[in-house]
Amino acid sequence: MIQKLIDAIGKTNAPVVVGLDPNLSFVPRFLQEKAREEAGSISDPSDPARDPNLVAAAEAVWEFNKGIVDAIYDIVPAVKPQIAMYEQFGLPGLAVYDRTVRYCREKGLIIIGDVKRGDIGSTSASYAKAHIGRIEVGQNRIPVFDVDFATVNPYLGSDGVEPFVDVCNSCDKGIFVLVKTSNPSSGEFQDVLTRDGVPMYELVGQKVREWGAKSMDGRYSNVGAVVGATYPEQGERLRKLMPETFILAPGYGAQGASAEDLSAFFDEDGSGAIVNSSRGIIAAYTKDAYRDFGPEGFAQAARAAALDMIEDLRQAIAKR
């Protein structure tokens, strides 16, 4: 699967993944009002799964996502829907998550399900089946959410990760393991020194390299790593520590990381990483640089922001 992502990056010449993290505050008011008007005919106040408010919110998110995807599918290789942004709207939200995944697949995009799963062996195996594998029902093996990659939390160790690796091999899928995350408090655990004097994130990086050796796909492994762009020094160290590991780098733009911060995340030939931007693209119309597009032009603003990010990264990588 990692080779499919690499090929898609090469086709678009854009190592960029757009995070589809549709906080309701990002969704233009006109979409929300339209969804509320229509929710009455498809909802049932007595059924929590069809509460009119949740139905309306989810439908507004769907229309927002569709607009974004239609505007960017031909210029970027991948999208990364964050499942929590859909779960907050209950079953209607999860239905929109699934609908979004299916629509992105129709558009030819690689889909990274940002689900951050990881548990004891049997539970992780179930998570893996649900998100990147298939569930057996009678004589049938059925894909459920069916994303191409899933993000995985390694805190429970190999018991929690290896079931995902097994599914990567049996279903030609991939994972990105959390190694050094972009959030400000990540260092509370990830930077703590082990008994050997090695930071925890480096220990996890070593394990990712071991897990990855079991699922190689050409030059890189199907077992990738999440490394926050907000920590460029750690990213440079991890790039050297994990030479066969593809890096998913969140934190560009809204979280403060620049393209220059990311240059060391890539290999010398400019491969080996893909950079995520979520609200910096999908909520671009709220930013001063793209405000002229207005709420009705939210999708066009997202396209403009994505093109600006692509060019920014190209220039930074070229300087390596």
Side-chain angles (χ1 to χ4, degrees), residues 18-70 78-107 109-120 122-138 140-153 160 163-164 167 171 173 175-176 278-279 282-283 298-299:
V18 175
L20 297 178
D21 304 352
N23 189 304
L24 202 56
S25 65
F26 300 160
V27 179
R29 187 174 299 277
F30 77 92
L31 289 180
Q32 296 188 48
E33 291 176 350
K34 178 183 176 183
R36 280 196 293 269
E37 290 174 1
E38 297 175 352
S41 62
I42 58 174
S43 59
D44 179 358
S46 67
D47 182 355
R50 298 172 64 196
D51 179 280
N53 296 296
L54 296 179
V55 169
E59 187 63 23
V61 164
W62 160 247
E63 291 296 337
F64 181 69
N65 282 355
K66 185 176 182 298
I68 296 291
V69 171
D70 286 346
V79 292
K80 184 175 70 65
Q82 162 52 257
I83 200 168
M85 297 301 181
Y86 303 84
E87 287 178 341
Q88 65 183 329
F89 302 118
L91 292 179
L94 276 176
V96 166
Y97 176 84
D98 180 65
R99 193 175 178 187
T100 297
V101 167
R102 293 172 185 273
Y103 190 69
C104 290
R105 190 168 302 287
E106 289 176 10
K107 291 293 186 178
L109 290 160
I110 300 291
I111 305 153
I112 302 172
D114 195 356
V115 296
K116 296 184 175 69
R117 297 300 197 259
D119 210 308
I120 61 172
S122 60
T123 311
S124 259
S126 296
Y127 280 140
K129 291 175 184 176
H131 292 283
I132 58 174
R134 294 172 182 267
I135 183 68
E136 295 183 8
V137 181
N140 301 306
R141 297 180 70 246
I142 306 165
V144 185
F145 290 114
D146 198 28
V147 296
D148 298 306
F149 293 84
T151 54
V152 175
N153 190 326
F164 284 92
V167 173
C171 296
K173 295 297 180 81
I175 58 174
F176 287 101
S278 299
R279 62 184 182 271
I282 67 173
F298 72 92

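Position 1 is the first residue of the sequence; numbering continues from there. Here the structure is a predicted model, which means the values were calculated and not measured.
- Between Ala128 and Pro163, the shortest heavy-atom distance links the atoms CB-O, 4.0 Å.
- In this structure, CG in Asp21 is found 8.0 Å from CZ in Phe26, a value given to the nearest 0.5 Å.
- Separating the CD1 atom in Ile135 from the NZ atom in Lys129 is a distance of 5.0 Å, to the nearest 0.5 Å.
- Residues meeting the salt bridge (charged side-chain N to carboxylate O under 4.0 Å, His left out) test with Lys66, sequence neighbours left out: Asp70.
- Here the closest heavy-atom approach between residue Arg134 and residue Arg141 is recorded as NH1-O, 3.4 Å.
- Interatomic distance, OG1 of Thr151 versus NZ of Lys80, reported as 7.0 Å (0.5 Å rounding).
- Test Val96, Val55, Asn53, Leu24 against Phe89 for side chain to side chain contact (heavy atoms under 4.5 Å, CB included) and you get one pass: Leu24.
- Under the 4.5 Å side-chain criterion, counting only non-hydrogen atoms from C-beta, Leu20 is in contact with Cys104.
- If you take CE on Met85 and CG on Asp114, they are separated by 9.5 Å, rounding to the nearest 0.5 Å.
- In this pair, Tyr97 and Tyr86 present their aromatic rings perpendicular. The plane angle is above 60°, beyond the 30 to 60° band.
- Under the salt bridge (charged side-chain N to carboxylate O under 4.0 Å, His left out) criterion, Glu87 pairs with Arg117, sequence neighbours left out.
- Taking every heavy atom of both residues into account, Val115 and Ala150 meet most closely at CG2-CB, 4.0 Å.
- When side chains are defined from C-beta on, Ile132 does not count as touching Cys171, because their heavy atoms never get closer than 4.5 Å.
- The main-chain N or O of Gly133 is never found under 3.5 Å from a side-chain atom of Lys173 such that the two would form a donor-acceptor pair.
- Checked by atom type and distance alone, the side chain of Ser124 pairs as donor or acceptor with a backbone atom of Asp119 at under 3.5 Å.
- Atom CZ of Arg102 is surrounded by 12 or fewer heavy atoms from other residues, nucleotides or ligands within 6.0 Å.
- For the pair Lys107/Val79, no side-chain contact is recorded, criterion being any heavy-atom separation below 4.5 Å from C-beta on.
- For the pair Asn23 (side chain) and Ser25 (backbone), a donor-acceptor distance under 3.5 Å is present.
- At least one donor-acceptor pair closer than 3.5 Å links the side chain of Asp148 to the backbone N or O of Ile111.
- With contacts defined as side-chain heavy-atom distances shorter than 4.5 Å, the pair Tyr127/Val152 does not qualify.
- Aromatic ring orientation, Phe30 versus Phe298: tilted (interplanar angle from 30° to 60°).
- Glu63 places no side-chain N or O within 3.5 Å of a backbone atom of Val27 that could act as its donor or acceptor partner.
- Here the CG-CZ distance, from Leu31 to Arg36, works out to 11.0 Å after rounding to the nearest 0.5 Å.
- Residues Ile83 and Leu94 are in side-chain contact: their nearest non-hydrogen atoms beyond the backbone lie under 4.5 Å apart.
- At most 12 heavy atoms of other shown residues, nucleotides or ligands fall within 6.0 angstrom of atom NZ in Lys34.
- Atom CG of Asp51 is separated from atom CG of Leu91 by 11.5 Å, given to the nearest 0.5 angstrom.
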